[in-house]
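Convention: sequence-line order gives letters A, B, ...; per-chain numbering from 1.
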Amino acid sequence: MVLLADVVTTSHEVSVTRSRKAKTAAIAGLLGRLDPAEVRPATALLAGELPGGRAGVGWSTLAALAVAPAPDPSLTISAVDAAIGEVRLIKGSGSAQRRTAALTALLAQATADEQQFLVRLLGGELRQGALEGVMVEAIATAAGVPTDAVRRAFMLSGRLPATAEAALRGGEPALAEFGLELGRPVRPMLASPAEDLESALVGEVTVEYKLDGARIQVHRDGDEVHVYTRTLREITRSVPELVDLVRGLDCRSVVLDGETLALDDGGRPRPFQETMSRFGAQNSRELLLHPYFFDCLHLDGADLVDLPLRDRLDALAKVAPQHRIPAAVTPTAERAAELFDEALAAGHEGVVVKDLDSGYAAGRRGRAWRKVKPEHTLDLVVLAAEWGHGRRRGYLSNLHLGARDPDGGPPIMVGKTFKGLTDERLAWQTEEFQRRETHRDDWTVHIAPDLVVEIELDGVQTSPRYPGGVALRFARVLRYRPDKDAASADSIEAVRALLPGG
DNA sequence: TTCCGACAGTGGGGTCGCAAT
DNA sequence: ATTGCGACCCCACTATCGGAA
């Protein structure tokens with residue numbers, strides 16, 4: 001029987017070293033000491049996940065808890081697993097109070113160290129420097145199997161705890177038993193950013209539109225259809241039109257990977273927010289979702305994940321020719337550039353360039369898929385900055401950005417960003433902002449609005465919260481502009497001009 | 001010895017469902 | 001009826017380790 005205290009000790013060992021090998025060794029050591037029944041919950045805890053998924057508890061709830069710690073450790077992993085499971089089930093009127101009571105009862109059995117661990121875990125911010133990647137290595141080490149065998153089982157099962165359980169119980173043969181299963185989503189393959197289109201065009205590739213919607217993975221087995229998101233959450237009931245469409249395809253069974261989004265009457269993409277409003281809305285068909293498939297992982301009994309993309313695209317062309325994403329296979333550089341322009345002209349985000357010889361691999365491994373999007377820049381005024389957390393504690397990190405008011409008023413806030421800052425720049429702005437400080441509160445230092453920063457962004461969107469009715473999307477700092485002042489910053493009109501159709 | 005792939009962390013805007021006010 | 005919380009959609013970027021070249 002392994003105690004929560006052992007997990008906490010291991011987590012501490014993991015957090016105090018930066019060496020991945022040391023982190024892996026520490027976790028593997030604990031995994032090797034577990035009873036079989038403890039492997040799943042312990043794997044989740046060590047990877048910073050809650051066994052069974054999120055429990056409806058966040059920082060606000062946790063911050064309100066104050067419980068005297070137990071003097072000695074007694075909590076078992078199974079007890080913690082059970083307690084979190086009960087918290088997750090609390091619903092309905094008075095649930096906040098009952099949730100607090102259940103959490104209080106759990107924390108009362110925990111020592112001070114255990115309480116700290118549980119609060120960070122429940123808040124979803126364990127921050128020990130080990131998540132899925134390190135855990136996959138640790139499972140492989142503990143079970144004495146190749147990392148790739150673990151990685152593959154994790155991709156196909158979608159679950160670390162089940163992967164760890166199989167690896168420790170039956171080694172490589174048990175891991176090899178994981179196949180693609182209809183009705184069980186696979187962890188999706190992702191694209192990493194490319195410098196530009198030309199640098200992404202290496203070898204034999206296909207170039208596809210990149211759409212601004214939500215990732216979907218559709219499984220069909222006979223008349224049974226399931227739809228999953230990128231994080232493997234099932235959304236079948238929210239998207240009946242997609243279910244009907246897939247049920248109408250000419251096949252017995254299929255697994256398709258793609259993107260879905262809402263279109264306007266002219267067939268142009270609606271803003272991402274509008275597509276998003278469809279998720280969770282039960283059976284609302286007011287705004288129809290359209291699917292665009294770009295991969296086929298299974299067709300009529302044949303699993304295709306290990307085949308090269310070119311073969312999977314053949315299967316896709318066979319089963320859903322009218323729902324394929326617009327693309328060009330092995331285009332010339334000129335044709336690829338044309339397709340990129342066409343995608344933008346049609347209102348889409350850009351393109352994804354994919355290696356035709358690559359197999360399907362979860363995550364961003366291998367750089368086989370590269371996304372290319374146009375970038376915009378704006379010169380904006382820094383209005384304030386918020387103190388950072390974690391490794392940014394003690395630094396002013398998150399910038400408040402404003403656009404110039406053409407009528408001469410104070411700058412109009414259009415968003416925040418913490419991205420693109422090196423440690424050096426972080427240190428510089430922490431000093432500089434305090435020199436320019438006008439006032440501060442608990443979280444934020446406000447400064448005189450005359451420091452200009454060049455911001456790179458993907459675009460802007462209409463905003464219900466910012467005063468100008470517009471907000472930046474994916475903003476990051478490029479550089480400070482000491483040569484500019486607030487009067488030469490970009491105006492709110494320049495920001496609004498980046499709105500779709502603007 | 002240098003380079004580069006993979007990871008983890010640090011947060012951004014927005015929408016929904018649900019419970020509390 | 002409105003507000004706040006939590007979950008989950010989309011996401012970029014830097015620092016770092018450790019194996020590849």
Report yes if at least one side-chain N or O of [X] is closer than 4.0 Å to OP1 or OP2 of [N]; otherwise report no.
{"X": "His389(A)", "N": "dG11(B)", "value": "yes"}
{"X": "Arg473(A)", "N": "dG14(B)", "value": "no"}
{"X": "Thr61(A)", "N": "dG6(C)", "value": "yes"}
{"X": "Arg476(A)", "N": "dT10(B)", "value": "no"}
{"X": "Ser397(A)", "N": "dT10(B)", "value": "no"}
{"X": "Arg465(A)", "N": "dG14(B)", "value": "yes"}
{"X": "Lys23(A)", "N": "dC7(B)", "value": "no"}

Any luck finding a side-chain donor-acceptor pair between [X] and [Y] under 3.5 Å?
{"X": "Glu234(A)", "Y": "Thr236(A)", "value": "yes"}
{"X": "Glu432(A)", "Y": "Tyr480(A)", "value": "no"}
{"X": "Glu342(A)", "Y": "His348(A)", "value": "no"}
{"X": "Arg440(A)", "Y": "Gln434(A)", "value": "yes"}

Would you indicate what [X] reaches in the nucleic acid, counting non-hydrogen atoms under 4.0 angstrom: base, sugar-phosphate, or nothing?
{"X": "Thr462(A)", "answer": "sugar-phosphate"}
{"X": "Pro464(A)", "answer": "sugar-phosphate"}
{"X": "Thr275(A)", "answer": "nothing"}
{"X": "Ala55(A)", "answer": "sugar-phosphate"}
{"X": "Ala475(A)", "answer": "nothing"}
{"X": "Lys210(A)", "answer": "sugar-phosphate"}
{"X": "Val57(A)", "answer": "sugar-phosphate"}
{"X": "Gln461(A)", "answer": "sugar-phosphate"}
{"X": "Gly363(A)", "answer": "nothing"}
{"X": "Arg98(A)", "answer": "nothing"}

Give the nucleotide from the list [options] with an atom nearest to the side chain of [X].
{"X": "Leu131(A)", "options": "dT10(B), dG9(B), dG14(B)", "value": "dG9(B)"}
{"X": "Ser60(A)", "options": "dC7(B), dG12(B), dC5(C)", "value": "dC5(C)"}
{"X": "Arg392(A)", "options": "dA20(B), dG5(B), dT10(B)", "value": "dT10(B)"}
{"X": "Glu456(A)", "options": "dC13(C), dA20(B), dC10(C)", "value": "dC13(C)"}
{"X": "Gln273(A)", "options": "dT15(B), dG12(B), dA19(B)", "value": "dT15(B)"}
{"X": "Val134(A)", "options": "dC8(C), dA8(B), dA12(C)", "value": "dA8(B)"}

Minimum heavy-atom distance Asp113(A)-Val8(A), with the two atoms named: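 Smallest heavy-atom distance, with atoms named: O-CG1, 3.9 Å.
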
Which comes earlier along DNA chain B counting from the 5' end, the contact point of Ser95(A) or that of Glu132(A), where each point is its nearest nucleotide?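 Its nearest nucleotide being more 5', the pick is Glu132(A).
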
5'-most by nearest nucleotide on DNA chain B - Asn398(A) or Met276(A):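 Looking at the nearest nucleotide for each, Asn398(A) comes out on the 5' side.
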
Name the one of Thr231(A), Thr229(A), Asp257(A) that satisfies side chain to side chain donor-acceptor pair (under 3.5 Å) with Arg215(A)?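 The passing option is Asp257(A).
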
Tell me whether Asp306(A) is salt-bridged to Arg152(A), with the criterion being a basic N under 4.0 Å from an acidic carboxylate O.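 Between Arg152(A) and Asp306(A) there is a salt bridge, with a charged N closer than 4.0 Å to a carboxylate O.
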
Do Arg476(A) and Asp458(A) sit within salt-bridge range, that is, some charged N less than 4.0 Å from a carboxylate O?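 Looking at Asp458(A) together with Arg476(A), the answer is yes, because their closest N to O distance falls below 4.0 Å.
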
Should Arg391(A) and Asp423(A) be marked as a salt bridge (Lys or Arg N to Asp or Glu O under 4.0 Å) after you check the CA-CA gap, both sets of side-chain angles, and the distance that decides it? CA-CA 10 Å; Arg391(A) 72 183 299 280; Asp423(A) 287 357; 3.2 Å; yes

Under 4.0 Å protein heavy-atom contact, by nucleotide of nucleotides 15-21 of chain C - B base, S sugar-phosphate only: SBBSS--

If pairing requires Watson-Crick or G-U wobble contacts with both distances under 3.5 Å, which nucleotide is the partner of dC7(B)?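 Its partner is none (no Watson-Crick or G-U wobble pair with both distances under 3.5 Å).
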
